[in-house]
Number of protein chains: 2
Amino acid sequence: MGIKDVARLAGVSQGTVSHVLNHPDRVSPGKTAAVEAAIAQLGFVRNEPARQLRAGYSNTVGLLLLDAWNPGFMDLARGVEDATAERGWTVLISNSGRDINREQTYLRLFAEGRVAGLIVIPHDESADGLHRIRTGGIPVVVVDRAESGEHKLSVAVDDVTGGRDAARHLIELGHRHLAFVGDELTAAPVHDRLAGVRRAVDEAVGEGLDVRLEVIPAELTVEAGREVGERLAKLPAKRRPTAVTAAIDLLAFGVLQSLLSHGLRVPDDVSLMGYDDIPFARQLSVSLTSVRRPHYEMGTTAAHLLTDVLTGATPQDRHVVFEPELVVRASTAAGPANYKEGT
Amino acid sequence: MGIKDVARLAGVSQGTVSHVLNHPDRVSPGKTAAVEAAIAQLGFVRNEPARQLRAGYSNTVGLLLLDAWNPGFMDLARGVEDATAERGWTVLISNSGRDINREQTYLRLFAEGRVAGLIVIPHDESADGLHRIRTGGIPVVVVDRAESGEHKLSVAVDDVTGGRDAARHLIELGHRHLAFVGDELTAAPVHDRLAGVRRAVDEAVGEGLDVRLEVIPAELTVEAGREVGERLAKLPAKRRPTAVTAAIDLLAFGVLQSLLSHGLRVPDDVSLMGYDDIPFARQLSVSLTSVRRPHYEMGTTAAHLLTDVLTGATPQDRHVVFEPELVVRASTAAGPANYKEGT
DNA sequence: CTCGATTTTTGAATCGTGTCAAAGTTGGAT
DNA sequence: ATCCAACTTTGACACGATTCAAAAATCGAG
């Protein structure tokens, strides 16, 4: 069950079989046919580990996702796949599920497996693990994390601006009591979004507006959103924020669901925003205002950065930052300060 | 940068370094410490292809998904990951995206990479490819496809029954003009669902009911659903089915969206059902009646089947079939034949 | 202190493939 | 018929880690 058996059956040497596999032009049609027949007959499958050991390189890149259940990351994965496939590489995906141990396990797996390169959406505390691999000689593209350095590669979104845009939108609508749902410590992108929200609030206060911000810690799941919505619904109307912006769409889904089920109207009683603009956002009972991140393009960009480096080409940029885009839908409407002007 | 360098630095032989890595109990504490220090100092990373070549086995299993954008399959993936991780294996995921060429590419990649085993949600026409791999000696668990045979492994759902339950539900509600959205040829599970629907219709006709079924071919995407909804909305009310059952929830999402945007009411004008019961189904503008498939459990079951075989244990079952469950929500209501009784 | 038993360490052989220098073959020009 | 160039084919070696038999070191009992 190796090249040797194929060679014996085809009546040629091992070297010839190897050439049929790797340099078909160097071998005569007759022998090629004989070898291919033998391969088919034996059901020979090339032993990739052996190939890789001898050849010293791999055509596979690894993609380590943070949370495959966030549809945005699946779009990113599709971008990575499309762009790498186009350039002749294959992708192996794994998913840390925001579990730092799994992340370490998979990073080691990829590093030991000698993939040619890695695209990683890292957990927050894993900088050292990435660095260890990077020094191991495997190029790494870090996604969704502020990075810098000439020998590093990254693709990110300016989530501070995104958060600022979100909060501004609400403030301009006339809302003065805002809430941000999400845990500042969970993930760097969430941290940035909150920082942006805070900046917008500070700016508004600087302009003399009486804007108040409340931060409601929560995990990044629909379930957690539901609990937050419940808590909000039970608050007396005067103490309840009139506008809520969630760290990610999934959270907003949960909040929306429990607000509605407690008889509150969105956006009439509470304006609600998500973040990410995942495909389902527009198809909710109340279509969700959100901040769109170009996930697919992030994926293709990360793949291009990586394959450029792998093929020896120097990419023009080593750190790409995308700008998010506010997408206004039905879930946000005028708040107290603008009531005179319309619903 | 290999075991040899570690050995030199630590002042021991290669064999000892290897033992530290694989049989720590066989080596004295002193040498162990020296070796570990050398490993840390050099940043040594074990070369997995070389290990695998010599040792002849791998601790990794492959998971080939059909369509990672269908949330149900991601639940399945989570099940696979949890169950395999628990038993000490790691999972590499790839996604064919219903593209048979990609599927072949990834199957070959996994086979050549000598993963220990595979869990595959196959494209319809790929039976031979799977077989080729199976004979290559790698155990394969086939998901979502009727299989049999003592040396084969599979996990599936009885989608015929699921389709029958769905259609029955609609017929019992009083609907007599049904439509099934989905292409009979796209995928085996869809084929089964339609077969189930047809059976329910035939049974109803046998009982003297005048039930009519229309089949509307469509790809399995939200976008395709939107087009179908559009076409349905433009039909004169008399020629329009009063109940629509979609091959998967994603399709139903699209149908729902365009029905609503054309001013039709769900379920008042048209009853609508999905299939899969993905998490978002209940959170739509009109919560969706659907047929639940236990995706997570399918994943854990597939993983257990596979790891059992890999470890030499004989699994009690080799073919597991789950029963789907009808989940009635707001999108289906009484049809013409029952109008007297309710909404 | 010695001997036998047990534990620790060593070094050579090996896994399956790709490469490369060398040997073999072919074919056209003279 | 001969020769040279171009093309094919061969076979030995190397990649890096594991393994195993054998050598070396250690330990305990007498």
Side-chain angles (χ1 to χ4, degrees), chain A residues 1-39 42-60 108-116 136-138, chain B residues 1-39 42-60 108-116 136-138:
Chain A
M1 21 86 112
I3 250 187
K4 217 175 298 180
D5 307 85
V6 175
R8 194 178 318 125
L9 181 60
V12 298
S13 76
Q14 303 181 37
T16 303
V17 176
S18 179
H19 281 151
V20 170
L21 261 40
N22 302 295
H23 308 279
D25 50 309
R26 289 189 200 162
V27 42
S28 67
K31 303 266 176 189
T32 302
V35 169
E36 281 172 349
I39 287 178
L42 294 174
F44 166 79
V45 178
R46 181 213 242 113
N47 186 318
E48 172 67 18
R51 198 219 105 248
Q52 207 173 127
L53 172 60
R54 172 63 234 224
Y57 66 88
S58 145
N59 295 310
T60 300
R108 200 163 43 79
L109 185 73
F110 279 136
E112 292 181 346
R114 295 292 196 270
V115 294
I138 300 176
Chain B
M1 23 90 110
I3 246 186
K4 218 174 295 180
D5 307 86
V6 174
R8 193 177 318 123
L9 181 61
V12 299
S13 75
Q14 303 181 40
T16 303
V17 176
S18 177
H19 281 150
V20 170
L21 263 39
N22 302 294
H23 308 279
D25 49 309
R26 290 190 199 161
V27 42
S28 67
K31 303 267 176 189
T32 303
V35 169
E36 282 172 349
I39 286 178
L42 294 174
F44 165 80
V45 178
R46 178 215 244 114
N47 187 318
E48 172 67 17
R51 198 218 105 249
Q52 206 173 127
L53 172 60
R54 172 64 233 223
Y57 66 89
S58 145
N59 295 310
T60 300
R108 199 163 44 79
L109 186 72
F110 279 136
E112 292 182 346
R114 295 290 196 273
V115 294
I138 300 176

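Chain naming here is simple, since letters A, B, ... match the order of the sequence lines and numbering starts at 1 in each.
Residues satisfying the side-chain hydrogen bond (donor to acceptor under 3.5 Å, both in side chains) criterion with B:T60, sequence neighbours excluded, are B:T90.
The residue from B:V6, B:V27, B:N22, B:L9 that alone fulfils the side chain to side chain contact (heavy atoms under 4.5 Å, CB included) condition with B:V17 is B:V6.
As judged by a 4.0 angstrom heavy-atom cut-off over every strand, A:F44 is placed among residues touching the sugar-phosphate backbone only. Counting any heavy atom pair closer than 4.0 Å across all strands shown, B:G2 reaches sugar-phosphate atoms only and no base atom. Contacts of B:V12 with the nucleic acid, taken as non-hydrogen atoms under 4.0 Å apart, involve only primed sugar atoms and P, OP1 or OP2. Heavy atoms of B:Q52 sit nowhere under 4.0 angstrom from any nucleic acid atom. B:S28 comes within 4.0 angstrom of sugar-phosphate atoms only, judged by non-hydrogen atoms across all strands, and of no base.
Both cation-pi conditions hold for B:R51 and B:Y57: the charged atom is under 6.0 angstrom from the six-membered ring centre and inside a 45 degree cone around its axis.
As rounded to whole Å, 14 Å separates atom C1' of D:dT8 from atom NE2 of A:H23. Distance CG (B:N47) to C1' (C:dG16): 14 Å, rounded to an integer number of Å. Going from atom CG of A:L53 over to atom C1' of D:dT18 covers 12 Å, rounded to whole Å. Rounding to whole angstrom units, CZ of residue B:R8 and C1' of C:dT10 are separated by 16 Å. Separating the CG atom of A:N22 from the P atom of C:dT17 is a distance of 11 Å, rounded to the nearest angstrom. Between the CD atom of A:E112 and the C1' atom of D:dG16 there is a distance of 13 Å, rounded to whole Å. Distance NZ (B:K4) to C1' (C:dA13): 14 Å, rounded to an integer number of Å. Going from atom CG of B:D5 over to atom P of D:dG16 covers 9 Å, rounded to whole Å.
By the 4.5 Å heavy-atom criterion applied to side chains, B:I138 and B:F110 are not counted as neighbours. Within the 4.5 Å cutoff, side-chain heavy atoms of B:I39 are placed close to those of B:L21. In this structure the side chain of A:R114 reaches within 4.5 angstrom of the side chain of B:V45, judged on heavy atoms. Side-chain contact check for B:I3 versus B:S18: some heavy-atom pair is nearer than 4.5 Å.
In plain terms, the two heavy atoms of A:Q14 and A:A7 that are nearest each other are N-CB, 3.8 Å.
Comparing the end axes of the helix from C:dC1-D:dG30 to C:dT30-D:dA1, each fitted to five base pairs by superposing C1' atoms of four pairs onto the next four, gives an inter-axis angle of 40° (nearest 10 degrees).
Mapping A:M1 and A:Y57 onto DNA chain C by nearest heavy atom places A:M1 closer to the 5' end of the strand. Judged by closest nucleotide on DNA chain C, B:A50 is the one of B:A50 and A:R46 placed further toward the 5' end.
For A:R54 against C:dT17, no side-chain N or O and base N or O form a donor-acceptor pair under 3.5 Å.
For B:T16 and C:dT10, the shortest distance from a side-chain N or O to OP1 or OP2 is below 4.0 Å. Close to C:dG11, at under 4.0 Å from its OP1 or OP2, lies no side-chain N or O of B:S13.
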